[in-house]
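I have placed the structure first, in the form of structure tokens, so that the comments after it can refer back to it.
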Amino acid sequence: MKKKHKRRKKLKFKKVIYPLPIISSVLIIISIFIIIFFFKQVSQMSNQTIDKSVKTKEKFIERVNLYAQKNYEKYNILPSVTISQAIVESDWGKSTLSAKYHNYFGIKSINKSDKRVVFETIEYIDGKPVVIKDAFRVFMNLEDSVRYHGLLLGTTKTYERVANAKDYKTATKMLYECGYATDKNYSNILNEIIEQYELYKYDVKK
């Protein structure tokens, strides 16, 4: 009687064990589908973020170009140079100086009577970056900032060679040589931005 009882237990145990591989396979398949679904969602979110970023940048370029064209007509400042400087100096309009004080070009304040704000900035001295505090002009809006940028480059003796430049590579080179920036790579940085976003197409007068 004991032997029969043992055999029954074994048979029962086998019945329980038998479907386990099927259950495991089903769980693995479900897990794979969950992983695929998860990565698909992450990929879609990533693409949406990229698309939004591209559209935001395009919008920024269009906004700056609207006023850069006026400077082109009035002062002969190439729009590609104006737009690329606004991108670099303001980090696409995200820097505090541009977002809060509408200074998109890192334009400093010389006169104490100016509406101004003091910020830390990086200047290159003997090729080495040094953090200093300096006063920057405050503007009313983007249009006001771009207009003053054109006035600065187009009417002062200091930047005469920038206004006289016939192409963006010459203009960006002159910006550095005339002292707009102390970073020796400034011209190359602007040129890369201009070429990456094809900003030179805005330099054709209508």
Side-chain angles (χ1 to χ4, degrees), residues 53-110 114 116 119 121-124 127 129 134-206:
S53 176
V54 169
K55 287 178 182 178
T56 301
K57 288 180 178 179
E58 287 175 352
K59 189 176 180 180
F60 182 83
I61 289 170
E62 288 171 5
R63 285 179 62 216
V64 177
N65 181 55
L66 179 66
Y67 307 118
Q69 289 295 331
K70 294 179 181 179
N71 285 348
Y72 194 22
E73 292 174 12
K74 195 169 184 179
Y75 305 114
N76 203 44
I77 307 301
L78 295 170
S80 62
V81 175
T82 302
I83 299 167
S84 62
Q85 277 197 281
I87 290 170
V88 172
E89 298 287 350
S90 76
D91 188 23
W92 296 94
K94 293 185 290 185
S95 70
T96 304
L97 186 60
S98 59
K100 192 173 181 179
Y101 301 101
H102 307 294
N103 187 332
Y104 289 81
F105 300 93
I107 295 173
K108 293 177 181 177
S109 171
I110 299 172
D114 292 336
R116 50 169 26 189
F119 268 100
T121 184
I122 296 175
E123 297 291 348
Y124 287 81
D134 217 334
F136 293 85
R137 288 184 65 106
V138 174
F139 296 99
M140 294 185 294
N141 48 43
L142 173 62
E143 182 179 7
D144 188 33
S145 184
V146 178
R147 189 192 301 115
Y148 187 85
H149 177 262
L151 182 70
L152 178 67
L153 299 187
T155 63
T156 59
K157 189 73 176 175
T158 304
Y159 299 108
E160 187 177 16
R161 286 181 291 166
V162 179
N164 291 334
K166 302 300 180 185
D167 59 86
Y168 71 86
K169 287 187 177 179
T170 303
T172 56
K173 183 182 178 184
M174 292 302 106
L175 273 171
Y176 172 70
E177 290 186 5
C178 292
Y180 194 99
T182 55
D183 183 357
K184 64 180 181 180
N185 294 315
Y186 191 70
S187 301
N188 292 331
I189 293 169
L190 294 180
N191 290 341
E192 286 176 9
I193 292 288
I194 291 169
E195 287 156 16
Q196 182 180 352
Y197 296 97
E198 299 180 355
L199 302 180
Y200 45 76
K201 66 187 178 184
Y202 299 111
D203 294 344
V204 180
K205 284 189 176 179
K206 297 176 183 178

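Positions are given from 1, in the same order as the sequence printed here.
- Put simply, the side chain of Thr172 gets close to the backbone of Lys169: a donor and an acceptor are under 3.5 Å apart.
- Judged by distance alone, with hydrogens and angles left aside, the side-chain atoms of Ser145 form a donor-acceptor pair with the main-chain N or O of His102 at under 3.5 Å.
- What you find for Cys178 and Arg161 is that their closest heavy atoms are SG-NH2, 3.5 Å.
- Qualifying salt bridge (charged side-chain N to carboxylate O under 4.0 Å, His left out) partners for Asp144, counting only residues two or more places apart in sequence or in other chains: Arg147.
- Between Gln69 and Pro79 the shortest heavy-atom distance is NE2-CG, 3.6 Å.
- Side-chain atoms of Asn188 and Glu192 form no donor-acceptor pair, as typed in the model, at a separation below 3.5 Å.
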Tyr168/Glu195 under side-chain contact (heavy atoms from CB on, under 4.5 Å): CA gap, chis, key distance, verdict
CA-CA 10 Å; Tyr168 71 86; Glu195 287 156 16; 2.8 Å; yes

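- Remark: the backbone N or O of Ser80 is paired with a side-chain donor or acceptor of Asp203 at under 3.5 angstrom.
- Every side-chain contact (heavy atoms from CB on, under 4.5 Å) that Ile193 has, sequence neighbours left out, goes to Ser84, Ile87, Val88, Tyr197, Leu199.
- Remark: side-chain polar atoms of Asp167 are paired, donor with acceptor, to backbone N or O of Thr170 under 3.5 angstrom.
- Under the 4.5 Å side-chain criterion, counting only non-hydrogen atoms from C-beta, Lys59 is not in contact with Trp92.
- Counting only residues at least two apart or in different chains, salt bridge (charged side-chain N to carboxylate O under 4.0 Å, His left out) contacts with residues 62-85 comprise Lys70-Glu143.
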side-chain contact (heavy atoms from CB on, under 4.5 Å) between Tyr186 and Gln85: does it pass, once the steps are laid out?
CA-CA 10 Å; Tyr186 191 70; Gln85 277 197 281; 2.9 Å; yes

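- Listed by chain and residue number, nothing satisfies the salt bridge (charged side-chain N to carboxylate O under 4.0 Å, His left out) test with Arg116 (two or more places apart in sequence, or in another chain).
- Across all non-hydrogen atoms, the minimal contact from Asn76 to Ala165 is ND2-O, 4.4 Å.
- The backbone N or O of Leu97 sits nowhere less than 3.5 Å from a side-chain atom of Asn103 that would complete a donor-acceptor pair.
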Any chance you could lay out the side-chain contact (heavy atoms from CB on, under 4.5 Å) test for Val64 and Phe60, step after step, and finish with the verdict?
CA-CA 6 Å; Val64 177; Phe60 182 83; 3.8 Å; yes

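- Residues passing the ring pair (Phe, Tyr, Trp, His ring centres under 6.0 Å) test with Tyr75: none are found, sequence neighbours excluded.
- When all heavy atoms of Val146 and Thr82 are compared, the pair lying nearest together is CG1-CG2, 4.1 Å.
- Within the 4.5 Å cutoff, the side chain of Leu153 has heavy atoms near those of the Leu175 side chain.
- Summarising the geometry of Ala99 relative to Gly93, their closest heavy-atom pair is CB-O, 3.8 Å, with the distance given to 0.1 Å.
- Each ring-ring contact (aromatic ring centres under 6.0 Å, His included) pair with one or both residues in residues 134-161, not counting sequence neighbours, appears once here: Phe105-His149, Phe139-Tyr148, Tyr159-Tyr180.
- Side-chain contact between Tyr202 and Ile83 is present, with heavy atoms from C-beta onward closer than 4.5 Å.
- Under the side chain to side chain contact (heavy atoms under 4.5 Å, CB included) test applied with Tyr72, the options Leu78, Val204, Asn65 reduce to a single match, Leu78.
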